[in-house]
J.: 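Below is the structure I would like to discuss, written out as structure tokens.
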Amino acid sequence: MDSEVTSEAQREDGEYAVRIAASVGAFTRDEWNGFSGTTRTPGKPYNPFISYDFLTILEESGCAVRRTGWQGHHLRLEDASGRLLGAVPCYAKSHSQGEYVFDHGWADAFERAGGSYYPKLQCSVPFTPATGPRLLVNETSDPSQIKAALGGALKTVTDRVGVSSAHVTFLDDSDADALEGAGFLRRIDQQFHFFNEGYGSYDDFLATLASRKRKALKKERREALAKGISIDRLTGSDLTEAVWDDFYAFYMDTGGRKWGRPYLNRKFFSLIGERMRDDVLLVMAKRKGHYIAGAINFIGSDTLYGRNWGCIEDHPFLHFEVCYHQAMDFAIERKLKVVEAGAQGEHKLARGYRPVTTQSAHWIAHPGLRKAVSDYLARERREVAHMADVLEDHGPFRKGERTDAGRPVDD
């Protein structure tokens, strides 16, 4: 642990102690597993991205470390006796890459005005635009009290370590409410998710679509596999090193062409296959006996999280089949409620994915920058909410099939 500060949040019996840990590995596995949502337990929520294994693998593989611009600054909240009550996965960042909530414009404006935007604190799961808990609370503690304390601790740490800001991204509703109550600025954005409305099969889902849309998706799925392509779904012991070699080649080829520098290395995938194989679904496309494309998904308690895709051969509609349709099939079969298909992508709308509000919370230390960002976010929230309504109205569903899932936050 690098340092210790005292948060502004008060308890009846004294103050909380807030310590900064340089790595998730500074927590014991038992300590981390004591936070809600971090372990797969029957009947309880589980998010694989906040698990001890996923976060330590990012560090052990060298993907989220100081030299890549992700220096661990994880907060641990303790009571006067040293008992761990809460934590925040947090990084000191020297850039804004790998976050999927874009603040480059804020950084540029502050730098032009003579300020120093970097380093900043980024409270998130690196390279992972998936909603989940960010203010982690021990299962034996009161969530509202500890989340309020963690919000105060983040503000205090921002001041004490001398950074410009703290950003908590892809957080759930309760965390967003707690941070807004602590004075953070709320930001909303949009993704596209599939909601399993108790379907027994993909055909049950198709029955909710307008006739023309239903026929188009059936044709799309046929054409995706028209050139002798077959699909394998791999999980558990199916995830061999040979399979990871193939998938990594797809990831590097597509990621290098599209983004210039893929964030994840080969060691990361080996460690995921070793420690989290039952939480992983690889959808792999095969032609002439060889894999040619694939997508990696992570399996939560009620959600399938689509993450990275890659290919070494281009075929019409194959991306849609591997990333979206197969994920829907799997979710229906496993009775998962939601498929989160990653950031952006209005093309998902035509395939039955619906616009959903995502949230982030931002503490800006400089009063002038905070005021400017606050004004901008008020306008942005109105635009995002309006666009969600427009997109929902242009979805493929028959009239009367619209749900209220993922409706935007009112301004």
Side-chain angles (χ1 to χ4, degrees), residues 190-233 250 254 258 281-287 291-297 303-358 386-408:
Q190 188 171 266
Q191 288 184 350
F192 296 87
H193 299 173
F194 166 71
F195 294 92
N196 179 8
E197 307 285 357
Y199 303 126
S201 67
Y202 184 81
D203 284 341
D204 288 347
F205 155 73
L206 287 178
T208 68
L209 306 187
S211 175
R212 181 170 58 87
K213 301 293 186 180
R214 183 165 61 247
K215 291 176 181 177
L217 290 186
K218 287 182 176 180
K219 180 180 179 181
E220 177 175 285
R221 297 199 71 175
R222 287 195 304 270
E223 293 189 8
L225 307 180
K227 294 185 178 180
I229 297 172
S230 60
I231 301 294
D232 289 342
R233 292 193 213 147
F250 309 153
T254 300
K258 187 173 183 181
L281 168 69
L282 271 186
V283 179
M284 300 287 277
K286 181 182 289 184
R287 192 173 78 89
Y291 288 128
I292 60 168
I296 186 171
N297 305 263
T303 302
L304 183 68
Y305 301 92
R307 287 300 304 113
N308 308 104
W309 141 272
C311 66
I312 54 173
E313 291 185 13
D314 291 320
H315 295 276
F317 307 118
L318 186 60
H319 173 254
F320 302 143
E321 176 65 26
V322 170
C323 293
Y324 309 136
H325 298 308
Q326 287 290 326
M328 295 163 72
D329 286 344
F330 184 85
I332 291 169
E333 291 170 14
R334 288 284 190 99
K335 301 187 184 306
L336 301 175
K337 296 179 181 177
V338 182
V339 177
E340 289 196 20
Q344 304 167 348
E346 293 180 6
H347 57 276
K348 299 166 188 171
L349 190 69
R351 285 147 191 100
Y353 288 71
R354 289 182 143 126
V356 171
T357 298
T358 59
H386 170 70
M387 185 55 64
D389 282 332
V390 171
L391 290 171
E392 184 73 63
D393 288 339
H394 286 80
F397 296 91
R398 297 197 317 261
K399 292 186 182 299
E401 295 290 345
R402 176 171 172 166
T403 71
D404 291 329
R407 303 312 300 148

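Predicted, not measured: the structure shown is a model, and the values here were computed from it. Hydrogens, waters and symmetry mates play no part in the numbers below; they use all other heavy atoms, side chains included.
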J.: Taking the side chain from N297 and the backbone from L281, do they hold a donor-acceptor pair closer than 3.5 Å?
T.: yes
J.: So, for Y202 and M328, which heavy atoms are closest and what is the spacing to 0.1 Å?
T.: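 Distance-wise, the nearest heavy atoms are CE1-CE, 3.9 Å.
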J.: Starting from the C-alpha separation in whole Å, work towards a yes-or-no answer on side chain to side chain contact (heavy atoms under 4.5 Å, CB included) for E333 and R233.
T.: CA-CA 12 Å; E333 291 170 14; R233 292 193 213 147; 2.9 Å; yes
J.: Grab the two heavy atoms, one from G310 and one from T254, that are nearest each other, plus how far apart they are.
T.: CA-OG1, 3.3 Å
J.: Report the distance from atom CZ of R307 to atom CD1 of I296, rounding to the nearest 0.5 Å.
T.: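 With rounding to 0.5 Å, CZ (R307) is 9.0 Å from CD1 (I296).
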J.: Set out, in order, the CA-CA distance, both residues' side-chain angles and the distance that settles side chain to side chain contact (heavy atoms under 4.5 Å, CB included) for Q326 and M284, then state yes or no.
T.: CA-CA 10 Å; Q326 287 290 326; M284 300 287 277; over 6 Å; no
J.: Once rounded to the nearest 0.5 Å, what's the spacing between atom NZ of K213 and atom CD of E220?
T.: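 These two atoms lie 11.0 Å from each other.
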J.: Mind checking whether H347 and Y324 have parallel, tilted or perpendicular rings, split at 30° and 60°?
T.: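 Tilted.
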J.: Taking the side chain as every heavy atom from C-beta outward, state whether L336 and F330 have any atom pair closer than 4.5 Å.
T.: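 SC-SC contact between L336 and F330 confirmed.
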J.: Listed by chain and number, what are the side chain to side chain contact (heavy atoms under 4.5 Å, CB included) partners of K215, not counting sequence neighbours?
T.: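 Expected list: S211.
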J.: Search all heavy atoms of A293 against all heavy atoms of L318 and return the closest pair with its distance.
T.: CB-CD2, 4.0 Å
J.: About how many Å separate CG of L206 and NZ of K218, when rounded to the nearest 0.5 Å?
T.: 6.0 Å
J.: I need the full list of ring-ring contact (aromatic ring centres under 6.0 Å, His included) pairs touching residues 206-232, with sequence neighbours left out, sorted by first then second residue.
T.: none
J.: Quick check for you: to the nearest 0.5 Å, what is the distance between F320 atom CZ and H325 atom NE2?
T.: 8.0 Å
J.: Which value, rounded to the nearest 0.5 Å, describes the distance between R222 atom CZ and L217 atom CG?
T.: 11.0 Å
J.: Which pair of heavy atoms, one from V322 and one from G294, lies closest together, and at what distance?
T.: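 What the structure gives for the nearest pair is CG1-C, 4.0 Å.
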J.: Within the supplied structure, the quantity of interest is the number of heavy atoms (other residues, nucleotides, ligands) at a distance under 6.0 Å from K337 NZ; does it exceed 12?
T.: no
J.: Is the shortest side-chain N to carboxylate O distance from E313 to K227 below 4.0 Å?
T.: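 Looking at E313 and K227, the cut-off is not met.
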J.: Are P355 and Q190 packed together at the side-chain level, in the sense that at least one heavy-atom pair is separated by less than 4.5 angstrom?
T.: yes
J.: Can you sort out the partners of N196 under side chain to side chain contact (heavy atoms under 4.5 Å, CB included), two or more places apart, ordered by chain and number?
T.: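 Once residues adjacent in sequence are excluded, the partners of N196 under the side chain to side chain contact (heavy atoms under 4.5 Å, CB included) criterion are F194, Y199, I332.
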J.: Kindly say whether G228 contributes a backbone atom to a donor-acceptor pair with the side chain of R287 at under 3.5 angstrom?
T.: no
J.: To check you understand the geometry: which heavy-atom pair defines the closest contact between R398 and A210, and what is its length?
T.: CG-N, 3.5 Å
J.: For the NZ atom of K286 and the CD1 atom of I229, what is their distance to the nearest 0.5 Å?
T.: 12.5 Å
J.: What heavy-atom pair brings C323 and A295 nearest, and what distance separates the two atoms?
T.: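 In terms of heavy atoms, the two residues are closest at SG-CB, 4.0 Å.
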J.: Would you call the rings of H193 and F195 parallel, tilted or perpendicular, taking 30° and 60° as the class edges?
T.: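 The rings of H193 and F195 sit tilted, inter-plane angle from 30° to 60°.
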